[in-house]
Amino acid sequence: MHEAPDAKWTLQKLAGQAAMSRTTFALRFKEFVGLSPMDYLTRWRMTLAADRLRHSRDSVAEIGRAVGYESEKSFSTAFKRVMNCPPRQYGRGQRTAGHSEPT
């Protein structure tokens, strides 16, 4: 997932990469990382997107596609849920104390 954050990852595909069953993979992943694989993937994508929002001139739609979202709306919704502010606001550097990096 780190090498291809834009891939259409599923728990089945991730478990297959690790040569484990879905259940074993999900349990071990959460034990070691503290998040489910899919929650971790979402946070990884938002971390990458936040960096691009701050340091590139790419559009929100382009950044969303680069991190695995098919539409600007779905990316914006996910970004706001994880980062506590809309991507356009984050990208303009107008974050306030209530807006944070994903944990």
Side-chain angles (χ1 to χ4, degrees):
M1 74 176 78
H2 285 120
E3 293 176 9
D6 61 329
K8 293 185 180 192
W9 291 111
T10 63
L11 185 57
Q12 180 69 40
K13 287 180 182 178
L14 290 168
Q17 289 287 314
M20 299 175 156
S21 71
R22 288 177 300 178
T23 301
T24 301
F25 175 75
L27 290 172
R28 287 191 180 168
F29 192 97
K30 187 162 186 170
E31 179 182 328
F32 288 109
V33 177
L35 296 169
S36 73
M38 301 316 285
D39 285 344
Y40 179 85
L41 175 61
T42 299
R43 291 183 184 283
W44 174 240
R45 287 172 167 172
M46 295 309 121
T47 298
L48 295 174
D51 183 66
R52 285 184 68 174
L53 285 164
R54 285 192 308 259
H55 298 106
S56 79
R57 294 185 181 268
D58 296 339
S59 71
V60 171
E62 289 170 319
I63 293 169
R65 281 191 301 275
V67 297
Y69 290 84
E70 293 183 8
S71 75
E72 182 176 342
K73 181 173 176 33
S74 63
F75 167 66
S76 294
T77 299
F79 190 91
K80 186 174 181 180
R81 184 181 71 247
V82 173
M83 302 299 284
N84 299 315
C85 74
R88 290 184 196 287
Q89 182 178 349
Y90 190 96
R92 287 193 305 263
Q94 296 177 349
R95 295 181 296 146
T96 63
H99 304 142
S100 62
E101 298 296 317
T103 55

**Q.** Closest heavy-atom pair and its distance - F75, G64
**A.** CG-CA, 3.5 Å

Q: Only counting residues at least two apart or in another chain, list the ones meeting ring pair (Phe, Tyr, Trp, His ring centres under 6.0 Å) with H55.
A: none

Q.
For F79 versus P86, what's the shortest heavy-atom pair and its separation?
A. CD2-C, 4.0 Å

Q) What residues form a salt bridge (charged side-chain N to carboxylate O under 4.0 Å, His left out) with E31, not counting sequence neighbours? A) none

Q) Is there a side-chain contact between R43 and V82, using heavy atoms and a 4.5 Å cut-off? A) yes

Q | Spacing of R88 atom CZ and S59 atom OG [to the nearest 0.5 Å] | A | 7.5 Å

Q) Do you reckon L48 sits in the same ILVMFWY cluster as V33, going by side-chain contacts under 4.5 Å, direct or chained? A) yes

Q. How far apart are the closest heavy atoms of R52 and A66, and which atoms are they?
A. NH1-CB, 2.8 Å

Q) With sequence neighbours excluded, what pairs up with T77 under the side-chain contact (heavy atoms from CB on, under 4.5 Å) test? A) K73

Q: Hey, could you give me the CD/CG distance between Q89 and N84, rounded to the nearest 0.5 Å?
A: 10.5 Å

Q | Straight-line distance of L41 CG to M46 CE, nearest 0.5 Å | A | 8.5 Å

Q. S56 versus I63: any side-chain heavy-atom pair under 4.5 Å?
A. yes

Q.
If you compare all heavy atoms of E72 against all heavy atoms of A61, which two are closest, and at what distance to 0.1 Å?
A. OE1-CB, 3.6 Å

Q: Evaluate the side-chain proximity of Y90 to R54: yes if any heavy-atom separation is below 4.5 Å, no if none is.
A: yes

Q) Do side-chain atoms of T24 reach the backbone of S21 as a donor and acceptor pair under 3.5 angstrom? A) no

Q: Could you tell me which non-hydrogen atom of F25 sits nearest to which non-hydrogen atom of M20, and how far apart they are?
A: CA-SD, 3.7 Å

Q: List in chain and number order the residues that pass ring pair (Phe, Tyr, Trp, His ring centres under 6.0 Å) with Y40, two or more places apart in sequence or in another chain; answer none if no residue qualifies.
A: H2, F29

Q | Non-neighbouring partners of E62 that pass salt bridge (charged side-chain N to carboxylate O under 4.0 Å, His left out), sequence neighbours left out | A | none

Q | Residue list, side-chain contact (heavy atoms from CB on, under 4.5 Å) with D39, at least two apart or on another chain | A | L35, S36

(Q) Testing the basics here: between A26 and P37, what is the closest heavy-atom pair and its distance to 0.1 Å? (A) CA-CG, 4.1 Å

Q | By side-chain contact (heavy atoms from CB on, under 4.5 Å) - contacts of R81 (at least two apart) | A | T42, A78

Can you give the donor-acceptor pairs under 3.5 Å from side chains of residues 10-19 to other protein atoms, not counting sequence neighbours?
residue, atom, partner, partner atom, Å
T10, OG1, Q12, N, 3.4
T10, OG1, K13, N, 3.0
Q12, OE1, R22, NE, 3.2
K13, NZ, K8, O, 3.1

